[in-house]
Undergrad: 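Quick one: the structure is below, questions incoming.
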Amino acid sequence: MTKTDLIIIGCGPGGYRAAEYAVKHGLTVTIIENKHAGGTCLNFGCIPTKCYAHDAEIGDCSDFRRVFARKKHVVEQLRNGIETLMMQPGITFVQQGKGFFKDAKTIKVGEDEFTADNIIIATGAHAKLPPIDGISSKCVVTSTELLDFEHIPENLCIIGAGVIGMEFASAFQRFGSNVTLVEFMNECLPTMDSDIAKRLRKCLEKRNIKFYLQSSVKAITDDSVIFERKGKETTIIANTVLVATGRVPNVKELNLKNAGVEYSGKGIPVNENMQTNIPHIYAIGDVNGRQMLAHAAIFQGFRAVNHILGKSDSIRFDIMPAAVFTVPEAACVGLTAEQCAVQGIDCKEYKGYYRTNGKALASEVSEGMVKIITDNRNDKIIGCHIYGAHAADMVQEIAALMNCEITLPHFADIIHTHPTLGEILQDIAINR
């Protein structure tokens with residue numbers, strides 16, 4: 001039996017960054033990964049989709065085999081880097097092994113056993129397949145399988161217009177697919193500001209991406225998708241169907257009952273320190289179902305390690321920026337005006353437009369809008385929502401300011417470089 005200070009199950013962003021952080025602070029770590037270092041984000045999610053988003057944006061889509069090969073190279077390069085990182089002194093890296101609980105302090109991998117006083121579960125999530133007639137059809141894929149395609153689907157139907165669906169729609173339309181999105185909700189990206197989501201959808205519709213909102217899929221055949229919208233049944237041709245209807249935490253194969261850890265189909269409940277109901281067992285990232293974002297997993301891992309070390313931090317999980325890497329991008333942080341209304345917060349919404357910005361016009365990216373939300377009681381910035389070029393970068397500036405609880409008048413006094421897209425944000429503050 002091998003003993004270390006900390007065992008981490010899962011070598012995705014949350015797991016490997018927690019391992020690196022723990023070792024830097026004097027702990028010894030065993031990290032267990034049953035597939036590839038980097039987890040879903042690196043191998044089947046964030047990074048490969050951003051490779052496609054990049055090639056789609058620059059218009060270099062004529063040779064998809066080259067696009068596919070570049071994506072594969074980037075993934076392998078980063079994966080090798082993580083594997084090297086996990087070989088540093090203080091880390092025992094157990095790869096291609098499925099870890100599960102023998103008891104509350106012991107993890108088994110095959111015939112090997114590992115023990116530690118603290119354990120972090122970072123096993124991520126997998127694609128959710130809804131109970132639709134024909135869901136097992138040969139034309140149905142998840143994002144994992146679609147990223148392995150070495151050809152461009154002629155007719156691609158995407159079920160679900162959330163982040164995953166929108167990013168694949170944007171990229172594959174540029175690659176040459178005829179793309180249709182079928183979404184059950186009233187609008188795409190239902191967790192984002194509704195106005196921003198609508199404007200982004202309109203941009204994609206101008207590129208001949210077809211949207212069917214308020215639509216319920218009834219059946220899938222080998223070459224079509226059948227759905228109902230406002231009582232009318234419609235059939236569309238699709239030789240490839242991407243199911244992008246959410247993700248499910250990976251909890252079933254961990255034998256959590258052996259450790260007494262509570263869980264459900266929604267994940268493993270945790271407190272603000274990422275502790276489960278068993279205090280020395282933590283759960284971070286997608287597996288706890290709180291915020292299914294790679295950067296959320298990373299900082300949840302930092303919080304868990306800090307708690308193990310007895311170290312305080314000022315991480316704000318209520319300020320969580322997020323982005324959608326379509327063309328153009330969309331990004332957000334904090335509250336929307338709609339959420340403020342529900343929560344009884346008296347807020348004010350300020351808008352700015354890319355078309356008034358010199359850098360946007362010079363760079364031919366004049367399509368876009370910015371919203372900044374403030375609390376009327378004290379002028380503090382409590383939200384920002386953007387669609388347009390470099391939206392993710394611009395939202396990050398506001399996220400940093402929100403962590404410092406800066407007011408809009410204070411922001412107006414911060415000098416911005418000219419010409420930059422960031423001046424759109426500053427102009428909103430100045431002209432409030």
Side-chain angles (χ1 to χ4, degrees), residues 162-163 166 185-203 291 293 295-296 314-324 326 328-361 365-432:
V163 174
M166 292 288 279
M185 302 296 286
N186 295 341
E187 188 53 88
C188 67
L189 300 169
T191 60
M192 295 193 77
D193 175 273
S194 58
D195 190 18
I196 293 290
K198 180 180 179 180
R199 287 169 181 265
L200 177 60
R201 172 173 58 82
K202 293 293 185 183
C203 286
Q291 296 164 306
L293 297 163
H295 45 285
S314 56
I315 298 169
R316 295 276 304 269
F317 290 107
D318 60 319
I319 301 175
M320 186 65 65
V324 188
T326 47
E329 293 178 2
C332 62
V333 64
L335 298 173
T336 65
E338 298 100 311
Q339 290 168 337
C340 288
V342 171
Q343 296 180 30
I345 299 172
D346 182 20
C347 73
K348 190 162 185 179
E349 183 179 85
Y350 300 88
K351 296 180 181 180
Y353 297 91
Y354 277 58
R355 63 176 179 265
T356 65
N357 177 264
K359 180 65 179 292
L361 292 171
V365 289
S366 59
E367 179 63 45
M369 185 180 77
V370 175
K371 288 186 179 182
I372 294 179
I373 312 296
T374 63
D375 189 326
N376 256 341
R377 297 171 298 180
N378 49 29
D379 285 330
K380 283 183 182 177
I381 301 171
I382 58 174
C384 181
H385 313 273
I386 306 175
Y387 90 98
H390 299 285
D393 303 313
M394 293 169 66
V395 153
Q396 188 58 52
E397 178 182 2
I398 299 299
L401 297 175
M402 287 173 61
N403 272 272
C404 298
E405 299 192 346
I406 282 181
T407 65
L408 199 61
H410 187 175
F411 182 37
D413 291 337
I414 298 175
I415 299 171
H416 281 61
T417 306
H418 175 76
T420 60
L421 295 176
E423 289 177 290
I424 303 170
L425 299 170
Q426 189 190 42
D427 285 346
I428 291 174
I430 291 172
N431 298 321
R432 64 190 185 279

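In what follows, residues are counted from 1 in the order of the sequence shown.
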Undergrad: Just so I know, are the side chains of Tyr353 and Val370 near enough to count as touching, which here means a heavy-atom distance under 4.5 Å?
TA: no

Undergrad: Looking only at heavy atoms, what is the nearest atom pair of Leu361 and Ser366, with distance?
TA: CD2-CB, 3.8 Å

Undergrad: Do you know the tightest heavy-atom contact between Arg377 and Asp375?
TA: NH2-OD2, 2.6 Å

Undergrad: For Ala337 and Ile373, work out which heavy atoms get closest and say how close.
TA: N-CD1, 4.2 Å

Undergrad: Could you tell me which residues satisfy side chain to side chain contact (heavy atoms under 4.5 Å, CB included) with Ala296, sequence neighbours excluded, listed by chain and number?
TA: Gln291, Leu293, Gln300, Met320

Undergrad: Tell me which donor-acceptor pairs under 3.5 Å the side chains of residues 398-411 have, and how far apart each pair is, sequence neighbours excluded?
TA:
residue	atom	partner	partner atom	Å
Asn403	ND2	Ala399	O	2.9
Glu405	OE1	Lys380	NZ	3.1
Thr407	OG1	His410	N	3.2

Undergrad: With distance as the sole test, does Glu329 use its side chain to make a donor-acceptor pair with the main-chain N or O of Ala389 at under 3.5 Å?
TA: no

Undergrad: Between Lys359 and Glu423, is there a side-chain heavy-atom distance shorter than 4.5 Å?
TA: no

Undergrad: Which donor-acceptor pairs under 3.5 Å do side chains of residues 424-432 form with protein atoms, sequence neighbours excluded?
TA:
residue	atom	partner	partner atom	Å
Gln426	NE2	Ile414	O	2.5
Asn431	ND2	Asp427	O	3.1
Arg432	NH1	Ala429	O	2.7

Undergrad: Not counting sequence neighbours, which residues clear side chain to side chain contact (heavy atoms under 4.5 Å, CB included) with Ile315? List them please.
TA: Phe299, Phe302, Arg303, Asp313, Phe317

Undergrad: Once ring pair (Phe, Tyr, Trp, His ring centres under 6.0 Å) is applied, what residue pairs with a partner in residues 383-408 remain, sequence neighbours excluded?
TA: none

Undergrad: Calculate, to the nearest 0.5 Å, the distance between atoms CD1 and CD1 belonging to Ile372 and Ile382 respectively.
TA: 12.0 Å

Undergrad: Does Thr326 use its side chain to pair, donor to acceptor, with the backbone of Pro328 at less than 3.5 Å?
TA: yes

Undergrad: Taking all heavy atoms of Tyr354 and all of Met394, pick out the closest pair and write down the distance.
TA: OH-SD, 3.4 Å

Undergrad: Under 3.5 Å, side-chain donor or acceptor atoms of residues 188-198 against the rest of the protein: list the pairs with distances, not counting sequence neighbours.
TA:
residue	atom	partner	partner atom	Å
Asp193	OD1	Asp195	N	3.0
Asp193	OD1	Ile196	N	2.8
Asp193	OD1	Lys371	NZ	3.1
Asp193	OD2	Lys371	NZ	3.3
Ser194	OG	Glu338	OE2	2.6
Asp195	OD1	Arg199	NE	3.1
Asp195	OD2	Lys371	NZ	3.4

